[in-house]
Structure formats: C-alpha cells, structure tokens
Number of protein chains: 2
Amino acid sequence: MSRASDRAYAAIRNMILAGELPAGTQLGEEALAEKCGVSRTPVRDALRRLESDMLVVRTDTQRSFVAEWSLHDVRDAFDLRAMLEGYAARRAAERMTADSLGRMRAANAQIAQAVALPRPDVGAFLEGNRLFHAAILEAAGSRRLVAQLGSLVEQPVVWRTAHHYGPDALHRSWSEHEELIAAFARGDGAWAEGIMRSHILRAYHAYADAHRGLSAAKPGPALSGNGAMTAHLIEVAA
Amino acid sequence: MSRASDRAYAAIRNMILAGELPAGTQLGEEALAEKCGVSRTPVRDALRRLESDMLVVRTDTQRSFVAEWSLHDVRDAFDLRAMLEGYAARRAAERMTADSLGRMRAANAQIAQAVALPRPDVGAFLEGNRLFHAAILEAAGSRRLVAQLGSLVEQPVVWRTAHHYGPDALHRSWSEHEELIAAFARGDGAWAEGIMRSHILRAYHAYADAHRGLSAAKPGPALSGNGAMTAHLIEVAA
DNA sequence: GGAGAGAATATTGTATACAAATGCCTCAGG
DNA sequence: CCTGAGGCATTTGTATACAATATTCTCTCC
C-alpha cells in the first residue's frame, strides 16, 4: 500500500503490540495522525485494517479503542486457525505439485539450518516458517482461504514465543514440517490435515504455557486484574 | 456506518450484482463518486469493503476492478462456509442456552409460516433464515467466527435462487432447521455439525443446478465464454 | 440530591484541492 | 515492423477545511 498509510498502520500496530497503548485506550484519529506524522486520511485507513485484524474495536458510534484480548480470545483464534490451516493442508495435499513441494522442502531446509546452529537463529527460523506455511496456502489454491487466513495469521496475532523456545522445541517444529512434507508427497489429505491441526494446537499450548509462566512470575501489565491482557510481542512458532 | 459511505457501498454493490458493471470493469473512484452523488472519500471506503467481500479486486498498483466469479470460486466459498458454519453449529450445540434455542424456534416458526402459504413468501422465508443462522452464530460465542463468516455469508454472495425454489425445497430447508434444533436441544455437537454441512452443501448444489439450467437455456451475460460469470442477484436458501 | 435539557467540546464523516504514481500514447531509433 | 524512452493523461494518495454527530458538562427544575 501507500507510504503514509503503511507507516501509520505499522506505527499504530507496534504501539499496540508493545503495550504502549494499553487495551481499552481510545484511539482518536487526530491524535494518532500527529503521533505518526501524517494526516487523518491515512490514519483512517490504518484503523480500518487494524479493526479487521481485531487489534482495534469500534463502538456503534464509530469510536475506536484498543481491543482487549483474553486468553479465551487467543484460544478462539488458534482453534479457527487450526481448522482453516488444517483444511488448507488437506487441499494442498490433494493438489500438490512438484514445484510447491520443492518450495516447502527449501523452506524447511532453511529452518533446519537455523535450528542446527549452536545458538538457533530465531529470525531465520520464523522467516522459513512463514515461507513454509505460505507455500501450503498457495498450493491449497483457494483465494478465499488466503483472505481468511491472512487476517488471522499474519496480522492479528504476532508474538515472540519462539524466542523462548529451546532448541528442542524448534527442532520439533521442523520435524512436524518434515512429516507434513511426507504427507504431501503421498497426496494424503487426511494425514496432512491431522498433522497440521496438532501442529497449530501445540503452538497454542506453547503460548499458553509461556503466558501462564509469565503471569505467575510477574503479574505486571501482561495480565490485568479481570483476566484481559494486552497483546504481547510474541511470535508463535508453528 | 455513515450515510454517504453506506449509500456508495450499496449502490456500487447493487450495480455489480445487477450486472450493470460486468466482471473486469475498471472501477475509477471519480466515476463512481459521480454516479453515487458523493465525493471520492466515501467511495474509497466502499471499495475497501467491496474488496473484502471479494466483489472487487485490486491490482498491485491499486486499481480496482469488478471481480470475476467462476463456478469454481462459488464452490470454494460454499466449501469454506460449510466448514465454518459446521464449526459454528458444533460450538453452538455445546453452549446452547434456552434463550438461543427459543430464538431459533421462533425463527423457524416464521419460516414455517412463510412456507405454508399457498404461494410461499420468499422474503419472509429469507428473513427467518437469516435470523436462524444468526442465532446459531451468536450461540457459538466466537467473535472471530462472526467476523470470518460475516464477510463470507452476508456480503459476498447474495443470489436469489430461493425464488426458483419450489415449496418442497423450501420445506426441506425448514425441515433441516428442525433437525438442527433437535441436535441443539440435545447438545450434540457432532450431529449439529453434520446437519449444517449438508444443509450448506445442498444449497450449493441447488445453486449449481439452477445455474447450469440457466446457462443452458440462455447463454447470455450470465456466463461468458471463458467460464467466468458475473455475480447474479440470487439468494441461496440454506 | 437526582434527572433531564441544552450548550460546549471533542470526534468522526465528507468534500475538495493538490501531490504522487501509474498507464498510455507517440515518436525516434534500430 | 518492433522496441523503448519520453511526455501527457488518468488515477490514486494525502492533506486540509468544514459539516455532522457524539459526548460531556452544567445548570435548571422537580
């Protein structure tokens, strides 16, 4: 998209994810425009996008606020993602091409390399992970599915749990990808779907465990009294 | 939403669905603004919404065009809807309350009334149908699911197959709703999910049959040479 | 003291002007 | 005749001013 609109989107999103704008904060267009150094017009676009990411909610009278995220909401998102990505995996297995399979193998090779290091390269891991899942989605051949998952995976929930992952957890993720490749190579949709669902839900529990650990250790701004929490800067490795 | 923005959205959407703007037509903001009697600002909002409805596609350089809908795309949308609404039904069954169940019974009673007439009231049928499915979605208790299905069911695909339905087909729809109510009353999620999936996919085949019949009878603007078609003004009764 | 009407304030919606970019057409050169 | 560079026309992006609407505060009346 355009420059100013993108800048506004990224800036506001970062402020929310960094906890700079706590859940429930009202987001006035003018104030944000000043903070981002742009006019209200691109800010309005950005707020629209953040709303579809569910990082921002709007009242019936069009006032925008930073969304509250309960653990329940996170579970909700992962459940949907497990179902939709599982469906994508099934379709991908049924339509697999040598080309797509090659891209997945390449992506997972990058992951293997990142994990093999003495101190794993989390950035490279996440990039390879992104490529891997993108290749599946592309192989699934459903534009609608891309649209639906895009607003569920890419934007809304970006955390950095992966940084807390030990080498073993990262390796398990790689291993599950290998299993997916095996299922794809055989064109077994049911198998691929099953692997993918557990792959995603395992990531949820990694998040939930980390979250419980964090909130037990230091019940700071991560978890407010009523169970709501601000979105964390966490990337979940799936 | 606001008045001008809503008018623009509805006007453009109607022009697309009525075939007034055939698939592939470029949608210039200024031209649309003039047609709708508003300025470009609300038109831009409207185009964004239509894009998320997938009635409009944008090139990488931000030009908007009326989307092409192949039968394949329609099948795609129904497959996704079957999965998501099936999931909603399962969740709803597991969380059913007397209140929600009451609303569903009331909605289906309205449908029964509309169908029982000598000449069925399709408008009342569709409204009851909408209420019925909305009650399920609400009982499912997932805001994300509402968002995902909203952009899949409400906006994107509105056809009027129901008008071609005979009383028997309308009655079958009512009957499937009754079966859903039975599953909900018993809290049987798997049963509810199964009914819902077949309910949706039956609607797809009703559409596909009607479409085949239409395009065989008069291969007019409904079906262009390459298999693409403009969206029809058709409401599918599910 | 509480409730409601109304004004004052704050916020969002729309229109318009201008800037930036994209696409198209022409024309020169091979 | 084809190709590509340049400029012109079209289209979208952004800023700003103003209008409409929502919210809040205050003051009156009960």
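Sequence lines set the chain letters: A, B, ... in the order given, protein chains first and strands last, and positions in each chain run from 1.
For the atom pair NE2 (His177(A)) and CZ (Arg105(A)), the distance works out to 14.5 Å, reported to the nearest 0.5 Å. Note that CD1 of Ile16(A) is 11.0 Å distant from CH2 of Trp69(A), once rounded to the nearest 0.5 Å.
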Give me, pair by pair, the N or O atoms of the protein and of nucleotides 6-10 of chain D that are less than 3.5 Å apart, along with how far apart they are.
none

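Residue Asp45(B) contributes atom CG, which lies 12 Å from atom P of dG13(D) at whole-angstrom precision. The separation between Asp6(B) atom CG and dT12(C) atom C1' is 14 Å, rounded to whole Å. Distance, Arg44(A) CZ to dT14(D) C1': 13 Å, rounded to whole Å.
For the residue pair Asp53(B)/Tyr9(B), the side-chain donor-acceptor check at 3.5 Å is satisfied.
Residue Thr61(A) places no side-chain N or O under 4.0 Å from the OP1 or OP2 atom of dT21(D). Within the structure, a side-chain polar atom (N or O) of Gln62(B) is placed less than 4.0 Å from OP1 or OP2 of dG13(D).
Near DNA chain D, meaning a heavy atom under 4.0 Å away, the residues from residues 26-41 of chain A are Val38(A), Ser39(A), Thr41(A).
With respect to Glu94(B) and Arg91(B), no salt bridge is recorded, no charged nitrogen being found less than 4.0 Å from a carboxylate O.
Residue-to-nucleotide proximity on DNA chain D shows that, of Asp60(A) and Leu47(B), the 5′-proximal contact is made by Leu47(B).
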Please lay out, stage by stage, how Asp45(B) and Arg40(B) fare under the test salt bridge (charged side-chain N to carboxylate O under 4.0 Å, His left out). CA-CA 9 Å; Asp45(B) 271 14; Arg40(B) 273 179 54 210; over 6 Å; no
Test side chain to side chain contact (heavy atoms under 4.5 Å, CB included) applied to Thr25(B) and Phe65(B), step by step: CA-CA 5 Å; Thr25(B) 307; Phe65(B) 297 85; over 6 Å; no
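Evaluation of the side chain to side chain donor-acceptor pair (under 3.5 Å) test over residues 30-39 of chain B, restricted to residues two or more places apart or in two chains, returns none.
Aromatic ring pairs are classed by plane angle as parallel below 30°, tilted from 30° to 60° and perpendicular above 60°; the pair Phe78(A) and Tyr207(A) is parallel.
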